[in-house]
Amino acid sequence: AQPSGSSSSSSTEVASRFIREARAAIKIRSEHVVRIYDVASLESGAPYIVMEYLQGQDLDQLVASRGALPTDEAVDHVLQACEALGEAHALGIVHRDLKPANLFLTTTGTGVPIVKVLDFGISKLANTAGDMSMTSTQAVMGSPLYMSPEQMRSTRDADARSDIWAIGVILYELISAKTPFVGDTMTQVCAAILQDVPVRLASLRKDMPAGLDRVVFKCLEKRPSDRYSSVADLCNALAPFTPAGGQEAARRT
């Protein structure tokens, strides 16, 4: 794959993001991250990445075609993504752009369904001073529907708990086929994320397992300190709501 852009400045930024994605993802060895085989540049100077070829569909496409998923399936997809995030966070890497379109459902060589996390292009290495130019207070990066309140205010302040927020939004959407915060404009979406309390999942799904609603809403606490402190804590909370295979994934985070 190669990046493209319409102007010198935009091309430079796209290329920079392209390289950041490769360098971040290549450090993560989890089977739930798309494999990067090579990153280099053409004679023209344009960078390129050689990555694993995936067949399947992302979770955004899955929900669009099937609607709300069974709760145990939704939780299992999220737990697989969390296994990748747990390793990324341990390396000091925060994804900052988690959304269903960046979670790809494919299969292993033996046909077992597996979720892979894509696009570490705006990921941030924690405590890296050189990242400041890309994470200034004015910079807004990510997909608004899945951004935490603190990321809305300043991308620089987005830490691992912002990824936990995004996982909460994703799980809410997989279970209900709706996003928890909506608006007709970017301003309305931002205001909803900063101020509103979403509709309880239990009122949207009559078959919601007792307690799962509470786990999702803890991810969606406005203050980062009120959310799960780590992906491992979130996985432990989700483990009872998925089959044994998902519980094994939770134990590995």
Same cluster (ILVMFWY, side-chain, under 4.5 Å), L91 and I167: yes

Would a hydrophobic clustering, with Ile, Leu, Val, Met, Phe, Trp and Tyr connected at side-chain separations under 4.5 Å, put Y48 with Y37? yes

Does any donor atom in the side chain of S143 or D97 lie under 3.5 Å from an acceptor atom in the other side chain?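 The answer is yes; a qualifying pair exists.
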
Would you say the side-chain atoms of T110 and T108 include a donor-acceptor pair closer than 3.5 Å?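 Judged by distance alone, the side chains do pair up.
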
So is R161 actually on top of Y228's ring, under 6.0 Å and inside 45° of the axis?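 Verdict for Y228: no cation-pi partner in R161.
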
[atom1]-[atom2] distance between [X] and [Y], expressed to the nearest 0.5 angstrom:
X	Y	atom1	atom2	answer
L238	C219	CG	SG	6.5 Å
L85	L79	CG	CG	11.0 Å
D226	L220	CG	CG	12.0 Å
I170	L103	CD1	CG	4.5 Å
R35	I28	CZ	CD1	8.5 Å
D213	L204	CG	CG	8.5 Å

Can you tell which of K99, E173, R96 makes a side chain to side chain donor-acceptor pair (under 3.5 Å) with Y146?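 By the side chain to side chain donor-acceptor pair (under 3.5 Å) criterion, Y146 pairs with just one of K99, E173, R96: E173.
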
Output yes when R227 and E150 qualify as a salt bridge under the 4.0 Å nitrogen-oxygen rule, no when they do not. yes

Testing the basics here: between [X] and [Y], what is the closest heavy-atom pair and its distance to 0.1 Å?
X	Y	value
R205	P70	NH2-CA, 4.0 Å
A68	S176	CB-C, 3.9 Å
M152	I193	CE-CD1, 3.2 Å

Can you label the angle between the W165 ring and the F181 ring as parallel, tilted or perpendicular, going by 30° and 60°?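 Answer is parallel, since the angle falls under 30°.
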
Enclosure of K178 NZ (heavy-atom neighbours >12, cutoff 6.0 Å):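 No.
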
R214 atom CZ: more than 12 heavy-atom contacts under 6.0 Å: no

Derivation of the side chain to side chain contact (heavy atoms under 4.5 Å, CB included) call for H95 and L98: CA-CA 7 Å; H95 190 288; L98 291 168; 3.7 Å; yes

